[in-house]
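Below is one structure, written out as structure tokens; comments come after it.
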Amino acid sequence: MYKLYSLRYMGLLQKSNCCQNWCRTLSRKALAESSILDTNRYLNELVTSGQIDEARKLFERMPHRDEFSWNTMVSGYADLGRLTEARKVFDETPNKSSITWSALVSGYCKHGYETEGFQLFWEMRYEGHKPSQFTLGSVLRVCSVKGLLLKGKQIHGYATKTNFDTKVFVITGLIDMYAKCFCVMDAELLFEEMPSGRNHVTWTAMINGYSLNGDAHKTIRCFRGMRAVGIQANQYTFPGVLTACTAVFDIGFGVQVHGCIVHGGFEANVFVQSALVDLYAKCGDLRSARNALELMEVDHVVSSNSMILGYVRNGFVEEALSLFKEMHERNIGPNDYTYPSVLNCLTSKKYVRKGQLVHCLVIKTGFKGYKIVSNALVDMYAKQGDLSSAFKVFDTILDRDVISWTSAVTGCAHNGFHEKALKFFSEMRNCGVQPDQVITSSILSSCAELALLKFGQEVHANFLKSSLGSSLSVDNSLVTMYANCGCLEEANIVFNSMETRNVITWTALIVGCAQNGKGKESLELYNEMILSGIKPDFITFIGLLFACSHAGLVDQGRKHFDSMVNVYGIRPGPDHYTCMIDLLGRAGKLHDAEKLLNEMSVEPDATVWKVFLAACKEHGNIDLAKKAALVLFKLTPQDAVPYVMLSNMYSAVGKWEDAAAVRKLMKSKSISKEPGYSWLEMNGKVHRFMSEDRSHPKMDQIYSKIGEVMALIKKAGYVPDMNFALHDINDEGKELGLAYHSEKLAVAFGFLYVPQGVPIRIYKNLRVCGDCHAAMKFMSKIYHRHIILRDSKCFHHFREGTCSCGDYY
DNA sequence: CTAGGGTTAG
């Protein structure tokens with residue numbers, strides 16, 4: 001079938017129909033009487049309009065054939081990729097010239113048989129035929145398409161030697177070759193130094209070269225240069241220019257180019273139209289995109305793909321899906337570009353069924369093995385929370401690229417399996433796949449989540465060693481990772497090195513400072529952020545209010561909470577209320593806290609009630625505490641904390657019977673305290689300790705170290721706090737029990753094996769015990785060690801007898 | 001005989 005979408009093409013088509021009629025009605029006599037020149041002209045017209053078989057019939061009937069007739073047939077077959085027939089005619093050609101050879105070389109090259117093309121090229125010279133600039137153009141073309149830089153350079157050398165390097169076809173071919181091989185500088189040099197005679201193809205090659213290499217500004221400048229010297233752009237030029245406009249979202253210039261296109265009469269070309277649809281869709285002007293799409297005379301899959309992607313990127317999921325459906329109804333076959341976009345808009349849990357349907361379509365339409373489609377499927381299933389389907393697809397991908405691995409890694413992380421994410425990342429590296437910015441950012445977030453400093457540092461170091469430039473998301477993840485691992489200094493270094501920062505960057509550091517006991521710095525950072533013109537978001541305020549509550553800044557906290565709602569229109573979530581109630585409660589404003597709790601615009605969750613209960617305990621308000629505990633018994637029936645807290649409150653005021661009753665209730669429901677444990681990481685190994693744990697291979701040394709430590713800090717004034725000991729044993733037993741708390745075992749291990757001068761980093765799954773907190777302050781002073789303890793709430797940096805939390809834990 | 005073109009996923 002003929003392509004009807006180009007008016008020019010239509011003109012040609014009519015002509016060739018005439019030609020066909022002429023051919024059919026032409027008698028043998030008339031044919032014999034026509035001049036060979038005329039017959040050759042018609043032969044050529046048949047060939048160029050794609051009617052090679054008609055041309056063949058005419059060719060067979062021709063009484064005389066000259067060089068031109070033979071060459072026309074060779075090039076005709078070669079051009080269409082019918083290379084066996086081309087070769088056969090070539091072999092039969094009585095007087096082969098350079099042109100005959102060139103035609104065949106060009107055909108082989110054009111249709112992907114570069115080896116044969118090159119072979120013929122050398123053979124031709126061996127036979128004594130000088131290649132023409134057209135032959136060189138053809139072999140250069142194959143270098144462009146296949147990215148054969150080395151071969152291309154050889155041709156360049158040959159061209160220089162034979163003085164072909166002044167011919168416009170050769171220079172243009174070289175420019176295109178270098179640009180396609182991503183050596184745009186070499187292309188530019190040739191273009192700049194071209195003595196004269198740049199034609200529209202030369203300009204186009206340079207323009208598209210810049211565009212391909214991602215230099216939108218030079219693309220546009222070059223296009224302007226072309227117009228300035230009065231050379232007309234055509235359907236080959238515009239797509240590249242439009243792509244450049246799209247890349248920099250310059251819709252203003254894009255519209256001007258659109259004007260040129262209409263003016264020049266090129267708006268009916270599919271390539272131009274597709275580029276237009278893409279420009280408008282990517283720039284968010286979906287109406288103009290849709291307009292351009294509707295104006296197309298053929299149903300076209302590339303433009304539909306662009307349109308779908310435009311809908312997806314701009315959040316119009318339903319429109320994207322309905323266009324996909326429309327494609328199906330109009331019999332536009334989807335291709336491997338269609339599915340990623342469609343799958344991409346089905347990543348929410350509510351599209352599980354639709355996701356499966358599209359997966360079925362992928363299989364039915366034969367795109368099952370396409371890596372890019374499979375990658376998108378992995379991502380979709382993982383984001384929908386169906387990891388098992390995700391991995392089923394992942395396992396079928398044979399040649400996994402960095403995007404396949406990223407889909408798996410982020411899929412794990414998305415579902416909270418951060419250790420698994422790290423495993424996949426390591427496996428990827430073992431497979432020799434190099435990480436890029438996206439996966440680096442993702443894996444750093446997992447490190448942050450797990451507070452794995454060592455792993456994170458390694459990823460950071462490898463990233464610096466790689467030649468990848470940094471990106472906003474990598475830097476943001478680094479700030480978060482370091483802050484989450486208690487390394488504010490490093491977080492600050494990354495933060496300060498960044499050229500652009502967004503709300504995530506600022507928030508990461510605000511939260512980091514708050515967690516590490518630098519509440520005032522958090523507030524200062526917040527002010528700086530506002531001054532730099534960046535608006536805070538939901539998460540920024542969680543960090544900010546957390547900072548206020550840790551620093552005990554009641555008025556500031558109230559002010560920011562108020563501005564969050566009234567200035568920034570952010571509806572507070574449970575986390576914001578938790579911070580506020582914690583802040584008010586710890587400051588002794590129990591009734592304000594209770595009032596806020598009752599006024600909450602969302603249902604208070606267990607965390608809110610827990611901080612309220614803790615505040616009641618802190619200030620000895622048993623009535624309110626009882627109320628909170630009762631709510632918590634219902635909300636989190638298996639949580640021991642409210643039982644223990646309430647019982648301890650009764651004990652503290654001597655209400656032994658009430659205390660016992662609570663413990664009995666707890667026992668009857670077979671609730672037990674979550675076992676506390678502490679761990680630290682050394683040389684890639686995790687050392688985990690439970691209270692009174694004796695399972696560690698170096699236990700003897702650890703216990704004797706504890707003996708030494710306890711003796712020394714007692715001499716310095718430490719008094720064991722029996723409130724944190726178990727109840728039913730004597731004082732001596734209690735004291736030993738305290739000494740063997742998991743965090744103390746971990747510190748003793750650190751004293752033994754972490755070199756002096758290196759911080760000892762300990763993690764605990766629960767809140768740090770009050771006695772341990774006091775003891776660690778003494779330890780840090782007597783041993784001159786920096787002890788960093790991350791508990792379930794925040795970081796404690798113990799240095800020279802003080803803690804960064806200001807004892808406000 | 002003649003070089004140059006548009007859309008992909010994390």
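A note on names: the letters A, B, ... follow the listed sequences, proteins ahead of strands, and every chain is numbered from 1.
The OH-C1' distance, from Tyr178(A) to dA3(B), rounds to 16 Å in whole Å. Atom pair Arg141(A):CZ and dG4(B):P shows a separation of 3 Å (rounding to whole Å applied). Following rounding to the nearest Å, Arg400(A) (CZ) and dG10(B) (P) show an atom-to-atom distance of 19 Å. The separation between Phe223(A) atom CZ and dG5(B) atom C1' is 14 Å, rounded to whole Å. Across the protein-nucleic acid pair, Phe191(A) atom CZ and dG4(B) atom P stand 16 Å apart, rounded to whole Å. Atom-to-atom, CZ of Phe266(A) to C1' of dG5(B) comes out at 12 Å; the value is rounded to the nearest Å. Computed from coordinates, the Phe134(A) CZ to dT2(B) C1' distance equals 5 Å when rounded to whole Å. Look at CG on Asn213(A): it is 13 Å from P on dG5(B), rounded to the nearest Å.
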Open item on the list: Please determine whether ring-ring contact (aromatic ring centres under 6.0 Å, His included) holds for the pair Tyr210(A) and Phe191(A), giving the CA-CA distance in whole Å, both sets of side-chain angles, and the decisive distance to 0.1 Å.
Closed with: CA-CA 12 Å; Tyr210(A) 284 135; Phe191(A) 183 79; 7.6 Å; no

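In this structure, the nucleotide among dG10(B), dC1(B), dG5(B) sitting nearest to the side chain of Ser75(A) is dC1(B). When distances run from any side-chain atom of Asn375(A) to the nucleotides dG4(B), dA9(B), dG10(B), the shortest one goes to dA9(B). Closest to the Asp79(A) side chain, of the nucleotides dG4(B), dT7(B), dT2(B), is dT2(B). If you check dT7(B), dA9(B), dG4(B) against the side chain of Lys282(A), the one that comes closest is dT7(B). Nearest to the side-chain atoms of Val402(A) among the listed nucleotides dT7(B), dG4(B), dG10(B) stands dG10(B). Residue Asp379(A) has its side chain nearest to dG10(B) when only dA3(B), dG10(B), dT2(B) are considered. Side chain of Pro340(A), nearest nucleotide from dC1(B), dG4(B), dA9(B): dA9(B).
Side-chain atoms of Asn234(A) come within donor-acceptor range of the base of dG4(B), with a qualifying N/O pair under 3.5 Å. No donor-acceptor contact under 3.5 Å links the side chain of Ser407(A) to the base of dG10(B).
A sub-4.0 Å separation between OP1 or OP2 of dG5(B) and a side-chain N or O of Lys180(A) is present. Note on Arg313(A): a side-chain N or O is less than 4.0 Å away from OP1 or OP2 of dA9(B). Residue Asn44(A) places at least one side-chain N or O under 4.0 Å from the OP1 or OP2 atom of dC1(B).
Using a 4.0 Å cut-off between charged nitrogen and carboxylate oxygen, Glu326(A) and Arg290(A) count as a salt-bridge pair.
Inter-residue side-chain proximity for Tyr370(A) and Asn335(A) is flagged as unmet; no heavy-atom pair is nearer than 4.5 Å.
Ring-plane geometry between Phe238(A) and Phe266(A) is classed as tilted, the angle between the planes lying from 30 to 60 degrees on a 0 to 90 degree scale.
At a threshold of 4.0 angstrom between heavy atoms, the contacts of Ser102(A) with the nucleic acid are absent. Heavy atoms of Thr243(A) sit under 4.0 angstrom from primed sugar atoms or phosphate atoms, though from no base atom. Within 4.0 Å (heavy atoms only), Lys96(A) reaches no atom of the nucleic acid at all. Residue Leu309(A) is in sugar-phosphate contact alone, with no base atom involved, counting any heavy-atom pair closer than 4.0 Å across all strands shown.
In this structure, Phe169(A) packs face-to-face on the six-membered ring of dA3(B), meeting both the 5.5 Å centre cutoff and the 30° plane limit.
Not a single donor-acceptor pair under 3.5 Å links the side chain of Arg313(A) to the backbone N or O of Ala281(A).
Aromatic pair Phe90(A)/Trp101(A): centroids less than 6.0 angstrom apart.
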